[in-house]
Q: 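The structure under discussion is supplied below as structure tokens; questions concerning it will follow.
In this text the structure is predicted, and so the values were computed from the model without any measurement. Values below: all heavy atoms of this structure, side chains included; hydrogens, waters and symmetry mates excluded.
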Amino acid sequence: MIKKFLFSTLIAICTLSTAFAQTKTKESGKELNDPDNLASQYFSQVMGVAVDATSNLKLYKFIYEWIGTPYSYGGNTKRGIDCSAFTKAIYDKVFNTTIRRNSRDIFSMVDPLSKEDLKEGDLVFFKIKSRSISHVGIYLGDNRFAHASSSRGVVISNLNEPYYSRYFYKGGRVLESFKKEFTVE
């Protein structure tokens, strides 16, 4: 309920600032009444990610709409979703790219990266109490990532939390060859 109210408020603020923006006031080269700037600031505060890391508002809006969705192994709806279905949905809707359905298969589509090389939209993979990849999420910046946690549902977590730091395996960026092969036009 509060989430919907806050999101509605953000939309209203963005709409009003656009409607009443007859003169553009500039400060340090950035417009004060820029709706995208307001949305970036809002998502930055709500999701705990630095403003300069929130470059893809479509990504943050999509994640925001799913926050709190319960975890369900094999699920792929707002009634329940698992980590790979959540990641697949992000890539389908935000990046217009179709990726595979489970975390191990998704990893076969990426160029592996270290934590230090991750950028917004990259994937993060974990080997949780297993020798093989068992969990995937999407990197947001500032060591934060969105994922469907088996205990908390869709959340934003920090890679530096002891639990995730312990089980982190690698990051990954979807290879261009897979983007072309699997992208739906």
Q: Can you run down the salt bridge (charged side-chain N to carboxylate O under 4.0 Å, His left out) pairs that involve residues 150-175, sequence neighbours left out, and say none if there aren't any?
A: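 Listed by first then second residue: D122-R173.
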Q: What residues form a side chain to side chain donor-acceptor pair (under 3.5 Å) with R104, not counting sequence neighbours?
A: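 None.
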Q: For N160, is there any backbone N or O sitting under 3.5 Å from a side-chain donor or acceptor partner on N158?
A: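 Side chain of N158 to backbone of N160: a pair is present.
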Q: Roughly how far, to the nearest 0.5 Å, is the CG atom of N102 from the NZ atom of K88?
A: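 Going from NZ on K88 over to CG on N102, the span is 11.0 Å.
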Q: Report the distance from atom OH of Y91 to atom CG of N96, rounding to the nearest 0.5 Å.
A: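 CG of N96 is found 12.5 Å from OH of Y91.
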Q: List, by chain and then residue number, the residues other than Y73 in its hydrophobic cluster (Ile/Leu/Val/Met/Phe/Trp/Tyr, side-chain heavy atoms under 4.5 Å); write none if there are no others.
A: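 Traced through the cluster, Y73 reaches Y71.
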Q: Tell me every residue that passes side chain to side chain donor-acceptor pair (under 3.5 Å) with S150, counting only those two or more places apart in sequence or in another chain.
A: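 Side chain to side chain donor-acceptor pair (under 3.5 Å) list for S150, sorted by chain: empty.
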Q: Return the set of residues passing side chain to side chain contact (heavy atoms under 4.5 Å, CB included) with K93 (not counting sequence neighbours), or none when no residue passes.
A: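 Once residues adjacent in sequence are excluded, the partners of K93 under the side chain to side chain contact (heavy atoms under 4.5 Å, CB included) criterion are F62.
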Q: For residues Y139 and K119, determine if any side-chain heavy atom of one lies less than 4.5 Å from a side-chain heavy atom of the other.
A: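 No. Closest side-chain heavy atoms not under 4.5 Å.
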Q: Does V154 share a hydrophobic cluster with I106, counting links as ILVMFWY side-chain heavy atoms below 4.5 Å and allowing steps through other members?
A: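 Yes; I106 is reachable from V154 via cluster members.
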Q: Taking distance alone, no hydrogens or angles, what donor-acceptor pairs closer than 3.5 Å link side-chain atoms of residues 123-135 to residues at least two apart or in another chain?
A:
unit_1 : atom_1 : unit_2 : atom_2 : d
K127   : NZ     : R131   : O      : 3.2
S130   : OG     : S132   : N      : 3.1
S130   : OG     : S132   : O      : 3.2
S130   : OG     : S132   : OG     : 3.3
S134   : OG     : I128   : N      : 2.9
H135   : NE2    : H147   : ND1    : 2.8

Q: Could you state the interatomic distance from CZ (F145) to CG (L118), rounded to the nearest 0.5 Å?
A: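 If we round to the nearest 0.5 Å, F145:CZ and L118:CG are 11.0 Å apart.
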Q: Please list, chain by chain and in numerical order, all residues satisfying salt bridge (charged side-chain N to carboxylate O under 4.0 Å, His left out) with R101, sequence neighbours excluded.
A: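 Counting only residues at least two positions away or on another chain, R101 forms a salt bridge (charged side-chain N to carboxylate O under 4.0 Å, His left out) with D82.
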Q: Out of curiosity, does V174 fall in the hydrophobic cluster containing F107 (side-chain heavy atoms, cut-off under 4.5 Å, transitive links)?
A: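 Per the 4.5 Å side-chain linkage, F107 and V174 are co-clustered.
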Q: Kindly give the heavy-atom pair with the smallest separation between G121 and F95, and that separation in Å.
A: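 Scanning both residues, the minimum pair turns out to be CA-CZ, 3.9 Å.
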Q: Would you check if L59 and L140 make a side-chain contact, meaning some heavy-atom pair closer than 4.5 Å?
A: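 L59 reaches L140 side chain to side chain.
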Q: Among all residues two or more places apart in sequence or in another chain, which pass the side chain to side chain donor-acceptor pair (under 3.5 Å) test with D117?
A: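 By the side chain to side chain donor-acceptor pair (under 3.5 Å) rule, D117 matches S114.
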Q: Would Y60 and W66 show up in the same hydrophobic cluster when neighbours are defined by side-chain heavy atoms closer than 4.5 Å?
A: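 Y60 clusters together with W66.
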Q: Could you tell me if the side chain of I63 sits less than 4.5 Å from the side chain of I138, heavy atoms only?
A: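 I138 reaches I63 side chain to side chain.
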Q: When clusters are formed by joining ILVMFWY residues with side-chain heavy atoms under 4.5 Å apart, either directly or through shared neighbours, do Y169 and L113 land in the same one?
A: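 Cluster IDs for Y169 and L113 differ.
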Q: Restricting to non-hydrogen atoms, name the atom on A85 and the atom on G75 that form the minimum distance, rounded to 0.1 Å.
A: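 It is CB-O, 3.3 Å.
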Q: With the 4.5 Å side-chain cut-off for hydrophobic clustering, are V110 and V94 part of the same group?
A: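 Yes; V94 is reachable from V110 via cluster members.
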Q: State the CG-OG1 distance between N76 and T69, to the nearest 0.5 angstrom.
A: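 With rounding to 0.5 Å, CG (N76) is 12.0 Å from OG1 (T69).
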Q: Any pair with a residue in residues 105-116 that passes salt bridge (charged side-chain N to carboxylate O under 4.0 Å, His left out), sequence neighbours left out, goes on the list, sorted by first then second residue, please.
A: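 Pairs touching residues 105-116 that pass the test: none.
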Q: For Y163, which residues count as a ring pair (Phe, Tyr, Trp, His ring centres under 6.0 Å) partner, sequence neighbours excluded?
A: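 Listed in chain order: Y167.
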